[in-house]
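Report on the following structure.
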Amino acid sequence: MAGRSGKVTVVGAGFYGSTTAQRLAEYDVFDTVVLTDIVEGKPEGLALDLNQSRPVEGFETQVVGRTTTADGGGYEATAGSDIVVITAGLPRKPGMSRMDLIETNAKIVRSVAENVATHSPDAVVIVVSNPLDEMTALTQLATGFPRQRVIGQAGMLDTARFTYFVAEALGVPVGSVRTLTLGSHGDTMVPVPSRCTVDGKPLADVMPAEQVEELVTRTRNGGAEVVALLKTGSAYYAPSAAAARMARAVHDDAGAVMPVCAWVDGEYGISGVYLGVEAEIGRTGVRRVVETDLTADELAGLKEAAEAVRTKQADVKDL
Ligand SMILES: NC(=O)c1ccc[n+]([C@@H]2O[C@H](COP(=O)([O-])OP(=O)(O)OC[C@H]3O[C@@H](n4cnc5c(N)ncnc54)[C@H](O)[C@@H]3O)[C@@H](O)[C@H]2O)c1
């Protein structure tokens, strides 16, 4: 296949990381996918297994697995990555909020980010570890990378969940539904009903307001609903689909507009915070934040979300 190029590393070979590596490898557009973890042998074993799927699935991307240590051992296998996806960290257990993970995951993400900066100084970094907005801000601090090269994944997932719930409720194909969520990944997620359509018609015309509200609430709790069913671990099929699509947009220099956690600097009258917004994604990371028309209520919700995450992001430097 023409055009296979580049190296992408997925840090953390748990459920999120291994499914992301699988999706990235199966795209067959990268030369190499590197998968790492601190659990001895786990990334090597998964990489071997993924490589053995290549004749069946018909992809040539090489998958490399490497065990790493906290002091940076093994990171040489990741050197010169164009893209790094950070999935390292604990997932939630039933009843836990994403914020309950902050202290443990901050230690993990900080050390991962420092090693990434040393070995892949030009990479675009996509963060998924929770709590998402804070871990994205921390990764930017710990790498010292330009802000447009550090992006968080949340909005693609929240939007996908909302889209699925609307399609399921109306009994229509997911492809006919467009939804949008902005804000933070959590309680201050901001659904944008004015931008939601079904077959091009405004959502408000095809679904009663109370039902839209129910689906918004279900979307906001979308992660917890899966956690409660699984009992151990959290969702990974939809999350990995979202992160892999972002990585692909970087690889392809696609200029695709996606809801992501990006540094906001003046857009919507908000400055100095990582927040869920739409952004154009290409080889350099975020090319620009795309402002969309919002109703007064939606804009107020976005500003509220920005203030809620701003304080917590300011604290991450001490973690
Ligand atoms: N942003 C989102 O939308 C979203 C969605 C789902 C899950 N998540 C988050 O993604 C993270 C991973 O979830 P998961 O389901 O894969 O969990 P998991 O427990 O299956 O995997 C996490 C992996 O990280 C590894 N790890 C820990 N410290 C490491 C380090 N220093 N270097 C490399 N690897 C390390 C662990 O050994 C483990 O294999 C969690 O924080 C979870 O909350 C985010």
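As the structure lists them, so they are numbered: ligands from 1, and atoms in each ligand from 1. All of these numbers come straight from a predicted model, not from anything done at the bench.
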Under 4.0 Å from ligand 1, counting heavy atoms only, is it the side chain of Gln153, its backbone, both or neither?
-> both
Identified side chain to side chain donor-acceptor pair (under 3.5 Å) counterpart of Thr179 within the set Thr159, Thr163, Thr197 | Thr163
Going by the 4.0 angstrom heavy-atom rule, the piece of Ala235 near ligand 1 is backbone
Tell me which part of Asn130 gets within contact of ligand 1: side chain, backbone, both or neither, using heavy atoms under 4.0 Å.
-> both
Taking heavy atoms and a distance under 4.0 Å, where does Asp37 meet ligand 1: side chain, backbone, both or neither?
-> both
Verify same cluster id: Ile108, Val127 (apolar side-chain graph, 4.5 Å) | yes
With a cut-off of 4.0 Å, which atoms of ligand 1 are near a heavy atom of Ile108?
-> 28 (N), 29 (C), 30 (C), 31 (N)
Using a strict cut-off of 4.0 Å, indicate which atoms of ligand 1 neighbour a heavy atom of Val112.
-> 30 (C), 31 (N), 32 (N)
Atoms of ligand 1 close to Asn105 [distance to a heavy atom under 4.0 angstrom, numbered from 1] = 41 (O)
Passing candidate, side-chain contact (heavy atoms from CB on, under 4.5 Å) with Val8, options Thr32, Val33, Val250 = Val33
Can you tell me if Asp82 uses its side chain to pair, donor with acceptor, with the backbone of Lys7 under 3.5 Å?
-> yes
What is the nearest protein non-hydrogen atom to atom 35 (C) of ligand 1, stated with its residue, atom name and distance?
-> Ala88 CB, 3.5 Å
Where do Val198 and Leu203 land on the side-chain contact (heavy atoms from CB on, under 4.5 Å) test, with the steps shown first?
-> CA-CA 6 Å; Val198 179; Leu203 180 58; 3.9 Å; yes
Interfacing atoms of ligand 1 (cut-off 4.0 Å, heavy-atom, Thr87) = 11 (C), 12 (C)
Name the closest protein heavy atom to atom 20 (O) of ligand 1, giving the residue it belongs to and the distance to 0.1 Å.
-> Phe15 N, 3.0 Å
Atom 22 (C) of ligand 1 has as its nearest protein heavy atom Gly89 O, 3.2 Å
Below 3.5 angstrom, do we get any N/O pair linking Tyr16 and ligand 1?
-> yes
Who's the nearest protein heavy-atom neighbour of atom 21 (O) of ligand 1, and how far?
-> Gly14 CA, 3.2 Å
Chi angles and distances behind the salt bridge (charged side-chain N to carboxylate O under 4.0 Å, His left out) call for Asp28, Arg54 = CA-CA 10 Å; Asp28 204 16; Arg54 282 169 46 198; over 6 Å; no
Element-labelled atoms of ligand 1 that are located less than 4.0 Å from some non-hydrogen atom of Ser234 | 7 (C)
Polar side-chain atom of Tyr236 near backbone of Gly17 as donor-acceptor pair, under 3.5 Å | no
Return yes if some donor-acceptor pair links the side-chain N/O of Thr68 with the main-chain N/O of Gly74 below 3.5 Å, else return no.
-> no
Ligand 1 to Arg92 polar contact by distance, N or O atoms, under 3.5 Å = no
Check if Ala70 has a non-hydrogen atom at a distance under 4.0 Å from any atom of ligand 1.
-> no
For ligand 1, the portion of Pro91 having any non-hydrogen atom under 4.0 Å away | both
Atoms of ligand 1 less than 4.0 Å from Val11 heavy atoms?
-> 33 (C)
Has ligand 1 got any nitrogen or oxygen that is less than 3.5 angstrom from a nitrogen or oxygen of Ala154?
-> no
Donor-acceptor contact present, side-chain Arg220 to main-chain Asp187, <3.5 Å | yes
Just heavy atoms, cut-off under 4.0 Å: does Leu90 contact ligand 1 by side chain, backbone, both, or neither?
-> backbone
Report the nearest protein non-hydrogen atom to atom 44 (C) of ligand 1: residue, atom name, distance rounded to 0.1 Å.
-> Val128 O, 2.9 Å
Is it true that Lys42 lies under 4.0 Å from ligand 1, counting heavy atoms only?
-> yes
Val39 heavy atoms, cut-off 4.0 Å: which ligand 1 atoms fall inside?
-> 37 (O)
Report yes or no: does Thr36 contribute a side-chain atom to a donor-acceptor pair with the main-chain N or O of Thr9 at less than 3.5 Å?
-> no
Going by the angle between their ring planes, with limits at 30° and 60°, are Tyr274 and Trp263 parallel, tilted or perpendicular?
-> perpendicular
Arg161 and Glu225 ion-paired at < 4.0 Å = no
Salt-bridge test for Asp252 and Arg245: reply yes if a basic N is under 4.0 Å from a carboxylate O, no otherwise.
-> no
